[in-house]
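Have a look at the structure below before the remarks.
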Amino acid sequence: MIDSHAHLQDREFKNDLDQVLARATGAGVEKIVCIGFDYLASRQAVELAQRHKNIFATVGIHPHDAKTLDEQTLESLYNLALKPGVVAIGEIGLDYYRNLSPLEQQKKAFVEQIKMAQELGKPVVIHDRDAHQDVLEIIKKERAGVNGGIMHCYSGHTPLALELIKEGFYISFAGPLTFKNAKKSHEVAQKIPLDRILVETDCPYLSPEPYRGKRNEPARVKLVAQKLAELRGLSLEEIARITSTNARNVLGMDA
Ligand code: NI
């Protein structure tokens, strides 16, 4: 399996990262994509990718921190994105649930980083919380999926997912897929094409059942894959193979 979205640089992992990585390997996780969310976290993701051959990095400014994206930071991010092991720009997008940066700044940072990804020829990893309409509009207008992209921890309906797939996107599911009341996500997971589905943890957040509320870690991507296998009537091995191939395709990672 490939955990397509993890925050290994989070301070939650500072005391036991080696054990966390060993458990991931033990659970059959062959690669982990460490996702940047601000400048420092992006730099730390790149450092982790340089130190571990099965870790890859993305660099980007999360909508929460959109207000920190000035011209100098954008240039530093661009230089960081040229380092080995960087497979995408992200996570970027819009978050109207917490609104930690003003709306106009969120949109500006989102668009600027889409343009940066295009200059670099890299895919984008998108965070969309309660902002489906605006995210879709910007994706279409900027042709954000031209080099591929990932909708991380997808929470929308099936028709939107299909529209995003047409724009070049992959749909990624995290721990909430395992929650009993996640009917909408279950439907999406059953109806979208198998060759556009990814699995992720978003650790240390979003632990799947039966660990809901606890610190999450890459080994638990297996529980998300298991739920997906159940929803699609396939074996865990088949889902693991398919989602890993998809992750390699969109992020350009070697087998
Ligand atoms: Ni995340």
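Remember, it's 1-based here, ligands and their atoms both numbered in the order they're listed. This is a predicted model, so every value here is computed, not measured.
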Next on the checklist: With side chain to side chain donor-acceptor pair (under 3.5 Å) as the criterion, how do Thr243 and Asn246 come out once you've worked through the C-alpha distance, each side chain's angles and the decisive distance to 0.1 Å?
Outcome noted: CA-CA 5 Å; Thr243 56; Asn246 295 346; over 6 Å; no
Checklist entry - Just wondering, is there an N, O or S atom on His5 that's nearer than 2.8 Å to the Ni ion (ligand 1)? => result yes
Next on the checklist: Can you tell me if, anywhere in His7, an N/O/S atom lies at a distance from the Ni ion (ligand 1) that is smaller than 2.8 Å?
Outcome noted: yes
Item to check | Within 45° cone of Phe179 ring axis and under 6.0 Å: Arg212 NZ or CZ | outcome: yes
Next on the checklist: Looking only at side-chain N and O atoms, does Asn216 offer a donor or acceptor that is under 3.5 Å from a partner on Thr201?
Outcome noted: no
Next on the checklist: Quick check for you: with the Ni ion (ligand 1) as the vertex, what angle do OE2 of Glu91 and OD1 of Asp202 span, to 10°?
Outcome noted: 170°
Item to check | Arg220 charged N/C atom sitting above Tyr211 aromatic ring, 6.0 Å / 45° | outcome: yes
